[in-house]
Protein chains: 2
Amino acid sequence: MTNKPATIKDIAKALNISVSTVSKALHDHPNIGAITKERVKAVAEKLNYSPNITAIQFKQQKTFTLGIIIPTLLDHFYTIAVNGFEKVATAAKYNVLIGQNQESLQREKELVSIMQSNRIDGLLIAISKETNNMEHLRKLEMAGIPVVFFARKPINETFSCVSSDVYHAAANAVDLFVSRGHKKIAFINGPSHWATSRDRFLGYRDGLLKHNIALDKQLIEESDLDTSSNYQVVRRLMHLSPAPTAMLLFKDYLMLDVMSCLRKEFPTEYPAIELIGYGALPLFSHFERPPLASLKEQPYEIGEQAGTLLLNMIQHPERDHKPQLISLPCTLHYFKEL
Amino acid sequence: MTNKPATIKDIAKALNISVSTVSKALHDHPNIGAITKERVKAVAEKLNYSPNITAIQFKQQKTFTLGIIIPTLLDHFYTIAVNGFEKVATAAKYNVLIGQNQESLQREKELVSIMQSNRIDGLLIAISKETNNMEHLRKLEMAGIPVVFFARKPINETFSCVSSDVYHAAANAVDLFVSRGHKKIAFINGPSHWATSRDRFLGYRDGLLKHNIALDKQLIEESDLDTSSNYQVVRRLMHLSPAPTAMLLFKDYLMLDVMSCLRKEFPTEYPAIELIGYGALPLFSHFERPPLASLKEQPYEIGEQAGTLLLNMIQHPERDHKPQLISLPCTLHYFKEL
DNA sequence: TTGTATGCGTTATCAG
DNA sequence: CTGATAACGCATACAA
C-alpha cells in the first residue's frame with residue numbers, strides 16, 4: 001500500500017473536530033475533555049498515527065539530536081564512550097549523530113559543518129590529531145550550539161572537557177615500575193599540544209621525582225600515533241646505552257606496536273622489558289605474553305558525564321556555563337600476576 | 001552573540017527582492033540573471049547563511065538520512081561495514097544514523113521505531129541474534145521505507161541481503177585442513193536459523209564430501225555466541241574420542257574464546273590443534289601463537305554494496321525491486337607460514 | 001527575468 | 001472545554 005502516513009488532520013477529519021483539539025488531546029493537555037481524549041487516541045491508534053518529527057523539529061527549532069565526533073570507530077575507547085553518551089542522550093529523548101574525523105582536520109570541519117546544517121543541539125568531540133585550530137568549534141558556540149571536548153583537548157583552550165585523570169595514573173605506573181626495580185623508565189607520549197599529553201608527562205615527571213630519579217630527556221619520546229612512527233621511536237630508545245628496562249606508553253594501541261617491534265627487532269632484550277599503557281584493552285586477556293599492566297580508563301563514564309554536561313548546557317542556556325574540566329580516575333590493571 | 005541563523009527572507013530583505021528569487025538564485029536555477037545570482041550569493045555569504053535543513057526535510061518529505069542497525073560497535077566487522085556504507089551514503093548526500101541492537105530484539109524494535117519516526121529514507125540492518133520475527137521490518141517496508149539486510153538473514157525471508165560467500169569459504173577451509181592431514185575436523189557454527197550459518201554448514205559438508213570424509217554429527221556444534229557457551233562447546237568437542245584435530249569456527253571472536261579455552265583447559269592438546277575462523281581480525285598479527293588461518297571477509301565492500309542497493313531502491317521506487325542476494329568472496333588469510 | 005501565493009504538519013495564541 | 005488561525009523556512013506552480 002505505502003499510504004502516506006496519517007496526520008493530525010486526518011484524525012480531525014475523521015472525528016469532525018479541529019486539529020488543535022487533536023493536537024492537545026494527544027498531548028494530554030489539561031483543558032481537553034476525557035471523552036474527547038479517548039476518542040482521539042483511539043482514532044490515532046486506528047490510523048496508525050505517528051507524529052511527523054521533521055515537522056516538529058522545524059516548528060520547534062530544535063532537533064533533539066546531539067552530535068559526537070570521534071577519531072575512529074575502530075578504537076574501542078571511543079566506541080565505549082559513544083555508548084555512555086548514547087545512554088544519557090537516549091534517556092533525555094535525544095538522538096545521536098556519530099561522525100569519524102579519521103584524524104583529519106579537513107574531515108572534522110566537514111563533519112561539523114554537516115552537523116551544524118542538520119541543526120544539532122550540541123556537540124561532543126574528541127578532536128583529530130591534526131586539529132590545531134578551534135575556529136570551526138568556536139563558530140558552533142557562537143551559533144548557540146554548546147560544545148564539550150573529551151579525551152583530547154589542547155592546552156590553553158577554554159572548552160569544557162571530560163577525560164581520564166592521566167596525571168595520577170602516570171605517577172602510579174612509575175611507582176609500580178620503581179617497586180619492581182626499574183630505574184631506566186622510558187616514556188612515549190602523544191601529541192605535545194594536548195593537555196592530556198602534558199598531564200601524562202607531569203605525572204611521569206613527578207613520579208620519578210618522588211623516587212629521586214632524575215628526569216632523562218633521552219628517555220622521553222613523542223609518537224604521532226602511527227605504526228611506523230611508533231617503530232622508529234622504539235628503535236631510538238632501544239639503541240640508547242643503557243637501554244630502558246621499562247616503558248610507559250601513551251595508549252595501549254601504541255603498546256601493541258611497541259610489543260611487535262620489540263618482539264621482532266629486539267627479541268633478546270624483550271623478555272626483560274616491562275610495559276604499561278593506557279586503556280586496558282580486553283584483547284590482552286587473549287595474549288600468552290601480555291604486558292605488565294595498563295591504566296584502565298573509564299570511557300563509558302566519560303561519555304556519560306560529558307553527555308550530562310552537554311545536556312545541562314542545552315537545557316539551561318540561560319545559566320552561565322564556565323568551562324569545566326572533569327577527570328575520572330584510572331586504575332592499574334595487571335595482566336600478569338605479580 | 002548567538003544570533004538567529006539567517007534565512008532566505010533576510011537575504012531577500014537585504015536586497016529588496018523576493019524570497020523565491022533568492023531561493024532560485026541559490027539553486028542556480030536557469031531563469032535567474034547572472035548578476036542577481038552573484039548579488040544573492042554575496043549577501044548569503046556575508047550573512048553566513050546556511051539553509052535550514054529541518055525546513056527542507058519537512059518541505060520535501062525526505063530526510064536524506066539512512067539508518068544502519070548493527071549488533072555492536074565493538075565488532076570491527078560491523079564498524080568497517082558502517083564505514084563502507086557511510087562512504088556511498090555521503091557521496092549521495094545522505095546522512096547516516098547508527099544504532100546498536102546489542103543482540104536484543106526488544107532494543108532493535110525500539111531503534112526501528114525511533115528511526116521510523118525520524119523518517120529515515122531507508123534502512124540497512126544486521127539483525128540481532130534474538131530476531132526471529134520480521135514484523136517490525138515488514139512494517140517499514142509497508143510504509144515505503146526500503147530495507148536491506150547484511151551479514152545476517154533468516155532462511156526463507158524475502159529481503160535483499162549482502163553478505164560474504166561463506167559457502168565457498170568453508171569449503172576452502174576444509175581443503176586446507178585436509179591438505180594438512182586432518183580427518184577429524186570439527187565445526188562450530190552460529191545460529192542455525194540464519195542463511196549465513198546454513199551456508200557455512202553446506203560448504204563444510206560439501207568440502208568433506210569432496211574428500212570422501214563422512215559427516216560426523218558429533219563434530220558439529222552450535223554456539224550462541226557468548227563466551228560461556230563457547231567454552232561449553234569446546235569442552236564437549238575435546239572430550240570426544242578421538243578428539244578433533246582441527247576446527248572451523250563461525251567467527252574470529254568465537255575463535256578467540258576457543259583459543260583461550262584450549263590454552264587454559266587443554267594445554268597439552270592445544271599445540272596440535274589447528275583453527276580457522278571467519279573475519280581475519282588484525283589483532284591476530286600481534287599474537288605470538290596465532291591460529292592457522294582465517295577467512296578474510298570484505299566488510300567495507302559489503303557496506304558499500306548494501307548502500308548502493310539501498311540508494312537504488314530509494315531513488316527509483318517505481319521500479320520493481322525483487323529481493324537480491326549478493327555475496328562477496330572471502331579469501332584464506334594465513335597467520336602462520338605453511 | 002522576477003514576484004506572489006500556497007502548502008508541508010505541528011504547536012501556540014487567542015477568541016469563542 | 002473547543003476552534004480558528006498564524007507561524008516556522010523553504011520550494012514551487014503560477015502569474016506578471
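Chain naming here is simple, since letters A, B, ... match the order of the sequence lines and numbering starts at 1 in each.
- In summary, A:Glu110 and A:Arg107 engage in a salt bridge, as defined by a charged side-chain N under 4.0 Å from a carboxylate O.
- Within the 4.0 Å cut-off from OP1 or OP2 of C:dT2, at least one side-chain nitrogen or oxygen of B:Thr36 is found.
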* Using the side-chain contact (heavy atoms from CB on, under 4.5 Å) rule, take A:Leu73 and A:Ile98 through it: C-alpha gap first, then chi angles, then the decisive distance, then the call. => CA-CA 9 Å; A:Leu73 284 172; A:Ile98 304 170; 4.3 Å; yes
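- Counting to the nearest Å, the P atom of C:dT10 and the CG atom of A:Leu26 are 9 Å from each other.
- Along DNA chain C, the nucleotide nearest to A:Ala55 and the one nearest to B:Val19 differ in position, and the one closer to the 5' end is contacted by B:Val19.
- Side-chain atoms of A:Glu130 come within 3.5 Å of backbone atoms of A:Leu105 as a donor-acceptor pair (strictly under, hydrogens ignored).
- Ring orientation note: the planes of A:Phe150 and A:Phe77 are close to parallel, at an angle under 30° on the 30°/60° scale.
- Comparing D:dT2, C:dG3, D:dG9 against the side chain of A:Gln61 picks out D:dG9 as the nearest.
- At D:dC10, none of the side-chain N or O atoms of B:Ser23 fall inside 4.0 Å of OP1 or OP2 (strictly under the cut-off).
- For A:Asn31 and B:Tyr49, each mapped to the nucleotide of DNA chain D holding its nearest heavy atom, the one lying further toward the 5' end belongs to A:Asn31.
- For A:Lys41 and A:Asp28, the salt-bridge test passes: some basic side-chain N is under 4.0 Å from an acidic carboxylate O.
- Nucleotide D:dC1 holds its P atom 15 Å from the CZ atom of A:Arg39, rounded to whole Å.
- Residue order along DNA chain C, read from the 5' end via each residue's closest nucleotide, puts B:Asn16 first among B:Asn16 and B:Arg119.
- Ranking C:dC8, C:dT2, C:dT11 by closeness to the A:Lys59 side chain, first place goes to C:dT11.
- Protein atom NE2 of A:His29 is 14 Å distant from nucleotide atom P of D:dG3, rounded to whole Å.
- For the pair B:Thr21 and C:dG3, the criterion of a side-chain N or O lying under 4.0 Å from OP1 or OP2 is met.
- In this entry the distance linking CG of B:Leu47 with C1' of D:dG9 reads 15 Å, nearest Å.
- Atom CD1 of B:Ile32 and atom P of D:dT12 are 13 Å apart (whole Å).
- Across all strands shown, B:Asn52 has heavy atoms under 4.0 Å from sugar-phosphate atoms exclusively, and none from any base.
- Side-chain N/O atoms of B:Ser18 include one lying less than 4.0 angstrom from OP1 or OP2 on C:dG3.
- Distance from the side chain of B:Phe58 is smallest for D:dG9 among the nucleotides C:dA12, D:dC10, D:dG9.
- Using a 4.0 Å heavy-atom criterion, one finds that A:Ile8 contacts the bases of the nucleic acid, with or without backbone contacts as well.
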Below 3.5 Å is the cut-off: list the nitrogen or oxygen pairs between protein and nucleotides 13-16 of chain D, distance only.
none

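- A cation-pi arrangement, defined by a distance under 6.0 Å to the six-membered ring centre and an angle within 45 degrees of its axis, is present between A:Arg138 and A:Phe159.
- We find that NE2 of B:His27 is positioned 16 Å from P of D:dG9, with the value rounded to whole Å.
- Taking 4.0 angstrom as the limit, A:Lys9 places a side-chain polar atom (N or O) nearer than this to OP1 or OP2 of C:dC8.
- Heavy atoms only, all atoms of each residue included: B:Ile127 and B:Pro154 are closest at CD1-CD, 3.6 Å.
- Rounded to whole Å, the distance from CD1 on B:Ile56 to P on C:dC8 is 18 Å.
- No side-chain donor from either of A:Gln116 and B:Ser50 sits under 3.5 Å from a side-chain acceptor of the other.
- In this structure, B:Gln60 places its CD atom 13 Å from P of C:dG9, rounding to the nearest Å.
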